[in-house]
Structure formats: C-alpha cells, structure tokens
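What follows is one structure encoded as structure tokens, with my remarks underneath.
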Amino acid sequence: MFFSKKYYDFESIPDLSGKIAVITGSSAGIGKVCALEMARKGCHVVLACRSEDKAQAVIDEIKKETGNDKLEFIPLNLMSLQSVKAFAETYKQRHDTLDILMNNAGTMMCPFGLSDDGIETQVATNHVGHFFLTTQLLPVIEKSRSARIVNVSSMGHRMAFNMNLEHINDPKKYDRTAQYGRSKAFNILFTRELTRRLQERGVDHVYVNCNHPGVVRSELTRHLMSVDSILTTIYNKLVTITTEDGSLTQMYLATSPEVEEKKIKGKYYVPYAQPGCVSSLASSDENAKTLWEFTENLLKEKVPGYEGSPI
C-alpha cells in the first residue's frame with residue numbers, strides 16, 4: 001500500500017516518563033506495538049484487554065525488552081458494558097489522572113452477532129464500548145496537564161452511506177461491510193462531537209483525534225480470509241503494511257509535541273501522520289450530534305443507573 005513518506009517514527013517519540021496511557025486491544029497487533037514503544041520511552045502503560053494470559057505475556061515481553069516495569073493489566077471486554085464500567089471504576093481507584101487514552105481495539109466485518117447487551121458486535125466493539133469507556137474516564141483525563149484521546153478509525157468509513165441507526169441491530173438488514181464502515185464513521189463523528197463539547201466547556205488541554213492506521217497485517221482480517229491461504233499471502237505482500245508502520249499515525253497523535261503546538265483537535269489523520277479527508281457522512285455536524293444522542297439513549301437503556309456522560 002502506498003502512503004506518503006514517514007513523517008513520524010519511533011525515534012521521534014518524546015520522553016514519556018511520568019505519563020500514563022491506557023491502550024485497548026494492546027495484547028496483539030498495532031496496540032501491542034504502541035504499548036511497547038510507549039513503555040520504551042518511560043510511559044506507564046495499562047493494557048486494557050480481554051485475556052489476562054495474553055496481556056501478561058505481552059507485559060513480560062515488554063518489561064524484558066525495555067526494562068520498564070510500569071505496566072499493568074486491567075480486564076476490558078468491549079462487548080460488555082458492565083466490563084467497561086468495571087474497568088473505568090478500577091482505573092479511577094488506582095490512578096488520579098490519565099494522559100493518553102488510545103481506543104485501539106476493534107473488530108472487522110464479522111458475521112452478525114450481538115454483544116452481552118444486545119448490540120450488534122461491530123457497533124458494540126468499535127463505537128459504543130469506546131464511547132462509554134472514554135466518557136467514564138473523562139474526569140481523570142481532564143485532571144492531566146495535557147491529555148490525548150486517539151480513536152482508531154479506518155478509511156473503510158467511506159463504505160458507509162448512511163447511519164441506519166433505526167436498524168442497527170436488525171439481522172435481516174445486516175451487511176457486514178457496510179456495518180464496519182458505519183462503525184468506523186462513528187469513530188470520526190464521536191471524535192468531532194467530543195471535541196466540540198470539550199471546547200464548549202472551555203476545556204483546552206484535551207486533544208481528541210482519530211486516524212486510519214493503514215491496511216495493517218494483523219488478526220483484524222480473520223473474518224475475511226483464512227490465515228494461511230494463498231490469497232492471504234498475496235494480500236499481505238501487495239496490500240498491507242507492518243504493525244510497526246501501522247502504529248505510527250496513532251503514535252503521532254498520542255505523543256507528538258506538534259499536536260499541542262499546532263492545536264490539532266477533532267481531526268482525522270492517515271499514514272504516515274498526515275491530515276486526511278473524511279466522507280460527507282462523517283463530516284456532518286448534524287450526524288455527530290445525532291449519533292451522540294443515540295448512543296447516550298442506548299446507554300441509558302442498557303446500563304442500570306446510567307444518567308448520562310459528564311460532558
């Protein structure tokens with residue numbers, strides 16, 4: 001896959017000593033690379049993953065490679081809103097601030113299914129779970145001197161031509177490609193509306209952005225083709241980029257001093273660390289507000305005692 005020259009690399013990452021980051025889906029793929037490189041720069045990294053065994057193996061590997069022992073695991077299953085709530089509560093019990101939240105976990109073009117809360121799998125994992133996680137962590141994010149929130153989207157957001165909110169959980173109207181694109185468009189709309197709401201409240205030190213990492217060689221394509229097929233081999237050689245290269249754009253948004261210097265907020269970036277263009281659906285302020293209200297109402301329906309986000 002052909003992208004612009006690498007504007008950012010691992011050597012450009014500044015010292016992150018004293019900072020703390022939460023990375024969802026950090027036991028594999030680009031999330032694991034981000035955890036490694038942040039730890040290498042002295043960051044305290046919280047691996048937010050489903051499997052403790054996988055996360056612990058990654059923690060042991062990163063500690064051995066970097067000498068940084070400031071790594072921890074807190075369980076997170078984005079298919080369960082109770083798990084998301086428990087993660088946020090545990091984090092806030094352990095830590096007073098949060099400098100970097102990287103909403104990296106995701107699923108892609110899977111067969112129709114529902115989360116523990118009865119929400120379609122791609123929307124539940126890629127959007128609703130991360131929306132709930134982010135808003136629940138906002139109080140500690142805002143306590144940081146300067147904070148970053150990075151929502152990992154995709155150029156696949158262009159495969160969505162409507163939000164289809166009224167049929168989001170209908171198996172008869174499910175198209176896994178369109179639904180994936182929709183969930184990735186939701187990442188961009190969430191980024192834009194959260195930025196608007198923060199600015200409206202006068203919160204200037206939280207930088208929310210989103211990115212397309214590239215077509216990355218990872219487990220994300222497991223629902224599309226067999227891992228060891230000839231098609232996969234050709235696809236990986238001709239189309240994909242490595243997980244290391246795939247991590248660069250979100251690492252730029254999460255760590256580069258330029259984000260503050262240039263006041264980069266509410267933007268969509270593509271490889272390698274360059275501003276990108278979004279679809280008309282994902283650039284609509286009206287769609288952003290509609291999605292926010294829809295998601296809030298959905299959470300009020302699914303989470304007992306939920307009274308709304310703090311923003």
Side-chain angles (χ1 to χ4, degrees), residues 20-27 31 35 44-56 59 71-107 110 113-144 147-153 165 168-169 183 186-187 189-191 193-194 197-198 201 203 206 208 210 291-311:
I20 184 165
V22 167
I23 307 174
T24 68
S26 42
S27 61
H44 181 139
V45 182
V46 178
L47 282 75
C49 314
R50 286 181 297 176
S51 170
E52 182 171 6
D53 289 343
K54 287 184 179 180
Q56 191 56 54
I59 287 173
L71 294 110
E72 63 179 296
F73 163 74
I74 301 178
L76 174 68
N77 178 5
L78 291 164
M79 288 278 279
S80 165
L81 293 172
Q82 286 303 314
S83 174
V84 176
K85 182 179 179 182
F87 177 95
E89 290 174 348
T90 299
Y91 182 89
K92 288 185 281 190
Q93 287 169 2
R94 296 183 186 179
H95 306 285
D96 296 326
T97 62
L98 175 57
D99 302 292
I100 300 167
L101 172 60
M102 186 177 283
N103 291 320
N104 166 81
T107 190
C110 56
L114 296 174
S115 70
D116 293 356
D117 308 285
I119 305 168
E120 189 279 317
T121 298
Q122 295 191 84
V123 172
T125 304
N126 298 348
H127 170 61
V128 179
H130 280 131
F131 178 106
F132 189 37
L133 176 67
T134 303
T135 55
Q136 291 299 293
L137 291 174
L138 268 181
V140 287
I141 291 172
E142 289 188 32
K143 287 181 181 177
S144 296
R148 312 283 180 90
I149 299 172
V150 181
N151 297 314
V152 180
S153 180
L165 297 176
I168 211 82
N169 296 323
S183 71
F186 290 174
N187 295 149
L189 291 167
F190 173 50
T191 297
E193 181 63 10
L194 179 56
R197 287 170 176 259
L198 287 167
R201 284 182 49 211
V203 179
V206 178
V208 189
C210 58
L291 177 65
W292 186 285
E293 291 171 3
F294 171 84
T295 310
E296 282 282 70
N297 288 333
L298 186 61
L299 290 171
K300 288 174 183 176
E301 174 190 334
K302 302 294 185 181
V303 181
Y306 181 72
E307 297 180 352
S309 69
I311 188 169

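Throughout, numbering of the chain's residues begins at 1 and tracks the sequence. Keep in mind that the numbers below use all heavy atoms, side chains included, and drop hydrogens, waters and symmetry copies.
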Q.
Distance check, rounded to the nearest 0.5 Å: Ser51 atom OG versus Asn77 atom CG?
A. 11.5 Å
**Q.** Nearest heavy atoms of Cys49 and Ser27, plus distance in Å
**A.** SG-N, 3.6 Å
**Q.** Side-chain touch Leu165/Leu291, heavy atoms, less than 4.5 angstrom
**A.** yes
Q: Please name the pair of heavy atoms, one in Phe87 and one in Pro75, separated by the smallest distance, quoted to 0.1 Å.
A: CD1-O, 3.5 Å
Q: Return the minimal non-hydrogen interatomic distance between Ser144 and Leu98, and the atom names on each side.
A: OG-O, 2.7 Å
Q.
Can you tell me how far apart CD1 (Ile311) and CD (Glu142) are? Round to the nearest 0.5 Å.
A. 6.0 Å
Q. Glu52: what forms a side chain to side chain donor-acceptor pair (under 3.5 Å) with it, not counting sequence neighbours?
A. none
Q) Taking only residues two or more places apart in sequence or in another chain, which ones pass ring-ring contact (aromatic ring centres under 6.0 Å, His included) with Phe294? A) none
**Q.** Between CG on residue Leu194 and OG1 on residue Thr134, distance to nearest 0.5 Å
**A.** 7.0 Å
**Q.** Test log, rule side-chain contact (heavy atoms from CB on, under 4.5 Å), inputs Met79 and Ile119
**A.** CA-CA 8 Å; Met79 288 278 279; Ile119 305 168; over 6 Å; no
**Q.** Pairwise side-chain hydrogen bond (donor to acceptor under 3.5 Å, both in side chains) hits with a residue in residues 113-127, at least two apart
**A.** Glu120-Tyr174, Glu120-Gln179, Gln122-Tyr174, Asn126-Ser183, His127-Thr295
Q.
Test of understanding: with salt bridge (charged side-chain N to carboxylate O under 4.0 Å, His left out), list the residues that count as partners of Glu296, not counting sequence neighbours.
A. none
Q | Tyr91 vs Leu76 side-chain heavy atoms within contact, under 4.5 Å | A | no
(Q) Using modelled atom types and a 3.5 Å cut-off, is there a donor and acceptor pairing between side-chain atoms of Thr24 and backbone atoms of Ala105? (A) yes
Q. Mind checking what makes side chain to side chain donor-acceptor pair (under 3.5 Å) contact with Ser83, not counting sequence neighbours?
A. none
Q) Measuring from Leu47:CG to Leu71:CG, what's the distance to the nearest 0.5 Å? A) 6.5 Å
Q: Say whether, by atom type as modelled, one donor and one acceptor occur between the side chain of Asn104 and the main chain of Gly25 under 3.5 angstrom.
A: yes
Q. Minimum heavy-atom separation for Thr191 to Asn187, with atom names?
A. OG1-O, 2.8 Å
Q | Interatomic distance, Phe73 atom CZ to Asp53 atom CG [nearest 0.5 angstrom] | A | 8.5 Å
Q: Please examine the side chains of Val152 and Asn103, heavy atoms only from C-beta on, and report whether any two atoms are closer than 4.5 Å.
A: no
Q. Can you name the residues that form a ring-ring contact (aromatic ring centres under 6.0 Å, His included) with Phe190, not counting sequence neighbours?
A. Phe131, Trp292
Q: Just do the side-chain contact (heavy atoms from CB on, under 4.5 Å) check on Leu101 and Leu133 with the steps written out, would you?
A: CA-CA 10 Å; Leu101 172 60; Leu133 176 67; 4.3 Å; yes
Q. Can you name the side chain to side chain contact (heavy atoms under 4.5 Å, CB included) partners of Gln56, sequence neighbours left out?
A. Ile59, Asp60
Q. Of all residues at least two apart in sequence or in a different chain, which pass the side chain to side chain contact (heavy atoms under 4.5 Å, CB included) check with Pro139?
A. Pro310
Q. Just wondering, do Gln82 and Val303 contact through their side chains at under 4.5 Å, heavy atoms?
A. yes
Q.
Using 0.5 Å steps for rounding, measure from the CZ atom of Arg197 to the CG atom of Leu138.
A. 11.0 Å
Q. In chain order, what residues pass the ring-ring contact (aromatic ring centres under 6.0 Å, His included) check against His44, with sequence neighbours excluded?
A. His95
Q: Applying side chain to side chain contact (heavy atoms under 4.5 Å, CB included), name anything that partners Lys143, two or more places apart in sequence or on another chain.
A: Thr97
**Q.** Sole residue of Leu298, Leu78, Leu81 in side-chain contact (heavy atoms from CB on, under 4.5 Å) with Phe132
**A.** Leu81
